[in-house]
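Have a look at the structure below before the remarks.
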Protein chains: 2
Amino acid sequence: MAREDDESRKSADKVGTICRALRRAILEQALEPGAKLPEDALGERFGVSRTIARHALGQLAAEGLVELRRNRIAVVATPSWRDARDAFDVRIELERLVMRQLAGRLGKAQIAALTAHVDAEEAAAAGPDAVSIRLATEFHILLATMTESPILIRYVSEIAYRCCLTLSLFSRPHSSECGVSEHRGVIAALASGDAEVAIGLMHEHLESVASRALVAPGKPRGRDIMDILAPYASPDAAAARRDSAGDRSAGRASVDAE
Amino acid sequence: MAREDDESRKSADKVGTICRALRRAILEQALEPGAKLPEDALGERFGVSRTIARHALGQLAAEGLVELRRNRIAVVATPSWRDARDAFDVRIELERLVMRQLAGRLGKAQIAALTAHVDAEEAAAAGPDAVSIRLATEFHILLATMTESPILIRYVSEIAYRCCLTLSLFSRPHSSECGVSEHRGVIAALASGDAEVAIGLMHEHLESVASRALVAPGKPRGRDIMDILAPYASPDAAAARRDSAGDRSAGRASVDAE
DNA sequence: CGCAAAAAACATGCATGCACTTTCTCGGCC
DNA sequence: GGCCGAGAAAGTGCATGCATGTTTTTTGCG
């Protein structure tokens, strides 16, 4: 009944399709952190059974994008501030490796592809934040792809997704101006072949993104009343603050629209 | 990704149990790279249905320990030499971060735990290689655990498992002597609080493990008989092939862990 | 009117059944 | 004798059913 639309192409891989769709939805904040993801709703939406939806959720949980609680509805992950900081720390190390592997080894076509991507970012800067954030994230993934190291690609993608999710939680209205110019700087450094400069630029870039986003530990911009009030409700606010990932989401299930 | 959710200690978690058992079996080379993992056999061995076994395999596949081919029996992953080198590169970066986070921040109890683990390694050096290799790997995971950064823990664990799998493929009989002393050196540096020294020692350690293992690109030791015997192309090849491959597929696929 | 306990609705955990694909095997043919 | 193809066997892909646990609604009571 639903969509066997892409049956003609490579879409024999159903769980992969669902994973990609959900990932993208999460990245663009169509599904906010804490949003419920019931298996049967997903299954109905994508025209598959719960079995497949379940498998896809497991996959996404492995990537850290959704949180799987036993006997409970899966929800989009809500990383704590501490998680976010850790994620950026790891990301910086991984992307340092990307820089080292790529510096001076890029062909003309690759440079062109990178430049084109940044152009697209610039073009999208006027549009909605969601697209702009996604494109910025995908720039880093594009870089990682060029290392042709499957492991590195997977890890950078994963961590970049998580960071992106985090940004959507903590960051105020995205200002991508600086992001674009910093990306251009990285491309230039890579093209010139100076690994140290490229590493330095990327480090600076990521650090600035992180600090722009992670200025203060708290302040999830309000979705769930219980979350927001948690620190105030209890006498010892310190304990509540520490466990800021506590999730009592009573939000609507974003998937069963219409 | 070891744990998508931390049900790891509850015995109600069946897929986690199977994952852990299989991981361990793979680590200790009870299951060699290329070994078949039919869902039926797994399910029967662990007393669950194919559904669960399948889920566990998916999990392990996400970790890169098993290879999942559509409509085909899953097999223990057989990383290429290139994969192995990439894995070590990533691992070095990640463990550098571990060192930086841990240097000078370890309590007495933690130092003691680390020392005790290395003592166990030393004691196991006389025993079978499999145990010794596993313990050496777990030392690094123990270190990562002490960072208390879930992301870092997960990534280091995963990459360490993969490297361990690789070692079992390419390395010659394990010589853990040096490993133990290097581990002790790292502990000392961490305790003294000198981050740079710790980073340097760990880097050296990993590099030496990698180079011990990855001397030459070739020689997949005994996985696919066809590959190995290809150069020889003798008439007896058929017999040898039956002997090894057939045997493994049927009965030995399952694990008697612990 | 508020609150708590019971029950209905809802969702997941897991096993099993059926269809389809790959692999193995055996008998016919060159 | 060796190669090849049809059928059988084995295995995966996926949906569905039932049991169990969770959330919400309803109902009874102070």
Side-chain angles (χ1 to χ4, degrees), chain A residues 1-4 7 10-19 34-61 66-76 224-226 247-256, chain B residues 4-5 7 10-19 34-61 66-76 224-226 235 237-239 241-254:
Chain A
M1 56 175 161
R3 34 200 51 188
E4 276 81 23
E7 197 75 333
K10 55 167 181 170
S11 121
D13 178 22
K14 306 202 184 191
V15 314
T17 304
I18 299 184
C19 278
K36 295 198 223 175
L37 302 168
E39 323 186 320
D40 40 11
L42 259 49
E44 188 177 350
R45 199 57 176 134
F46 289 96
V48 298
S49 83
R50 289 197 304 118
T51 308
I52 307 302
R54 182 185 188 72
H55 211 80
L57 285 176
Q59 197 76 20
L60 259 16
V66 322
E67 192 179 342
L68 236 43
R69 305 111 97 213
R70 187 171 182 85
N71 283 327
R72 301 256 251 294
I73 305 182
V75 296
V76 176
D224 189 88
I225 307 287
M226 295 306 280
D247 175 30
R248 298 201 57 75
S249 80
R252 83 231 60 182
S254 314
V255 276
D256 62 10
Chain B
E4 70 206 78
D5 36 32
E7 300 160 353
K10 286 190 160 190
S11 60
D13 177 24
K14 312 214 185 181
V15 312
T17 304
I18 300 183
C19 276
K36 294 194 214 173
L37 302 168
E39 308 180 342
D40 298 329
L42 258 48
E44 188 177 350
R45 199 73 180 87
F46 289 96
V48 297
S49 82
R50 290 197 303 118
T51 308
I52 307 303
R54 182 184 187 74
H55 213 80
L57 285 176
Q59 200 71 27
L60 260 16
V66 323
E67 192 179 343
L68 233 42
R69 307 110 96 206
R70 188 171 180 85
N71 281 325
R72 301 257 251 293
I73 305 182
V75 295
V76 176
D224 191 17
I225 307 292
M226 293 305 280
R241 180 185 163 280
R242 277 179 155 266
D243 179 11
S244 171
D247 214 352
R248 201 165 307 291
S249 80
R252 284 278 288 118
S254 15

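Numbered from 1 within each chain, the chains take letters A, B, ... in sequence-line order.
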Rounded to the Å, how far apart are [X] [atom1] and [N] [atom2]?
X: Asp13(A); N: dC14(D); atom1: CG; atom2: C1'; value: 13 Å
X: Ile52(A); N: dA19(C); atom1: CD1; atom2: P; value: 17 Å
X: Asp40(A); N: dT16(D); atom1: CG; atom2: P; value: 12 Å
X: Arg54(B); N: dA15(C); atom1: CZ; atom2: C1'; value: 14 Å
X: Leu57(B); N: dG11(D); atom1: CG; atom2: C1'; value: 12 Å
X: His55(B); N: dA15(C); atom1: NE2; atom2: C1'; value: 15 Å
X: Glu39(B); N: dA10(D); atom1: CD; atom2: C1'; value: 12 Å
X: Glu44(A); N: dA11(C); atom1: CD; atom2: P; value: 11 Å

Smallest separation among heavy atoms of [X] and [Y], with atom names:
X: Ala53(A); Y: Gly43(A); answer: CB-N, 3.9 Å
X: Pro38(A); Y: Ile73(A); answer: N-CG2, 3.7 Å
X: Val48(B); Y: Ile52(B); answer: CG2-CB, 3.8 Å
X: Lys36(A); Y: Val75(A); answer: CA-CG1, 4.1 Å
X: His55(A); Y: His55(B); answer: ND1-ND1, 3.9 Å

Q: Measure the spacing between CD of Gln59(A) and SG of Cys19(A) and express it to the nearest 0.5 Å.
A: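 These two atoms lie 5.0 Å from each other.
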Q: Measure the spacing between CG of Asp40(A) and CZ of Arg45(A) and express it to the nearest 0.5 Å.
A: 13.5 Å
(Q) Using the side-chain contact (heavy atoms from CB on, under 4.5 Å) definition, which of the options Leu68(B), Val66(B), Leu60(B) pairs with Leu37(B)? (A) Val66(B)
Polar atoms only, N or O, under 3.5 Å: list the protein pairs with nucleotides 5-7 of chain C and their distances.
none

What's touching nucleotides 8-10 of chain C from the protein side, N or O pairs under 3.5 Å?
none

Atom pairs, protein N/O to nucleotides 17-23 of chain D N/O, distance under 3.5 Å:
residue : atom : partner  : partner atom : Å
dG17(D) : O6   : Arg50(A) : NH2          : 3.0
dG21(D) : O3'  : Asn71(A) : ND2          : 3.4
dT23(D) : OP1  : Arg72(A) : NE           : 2.7

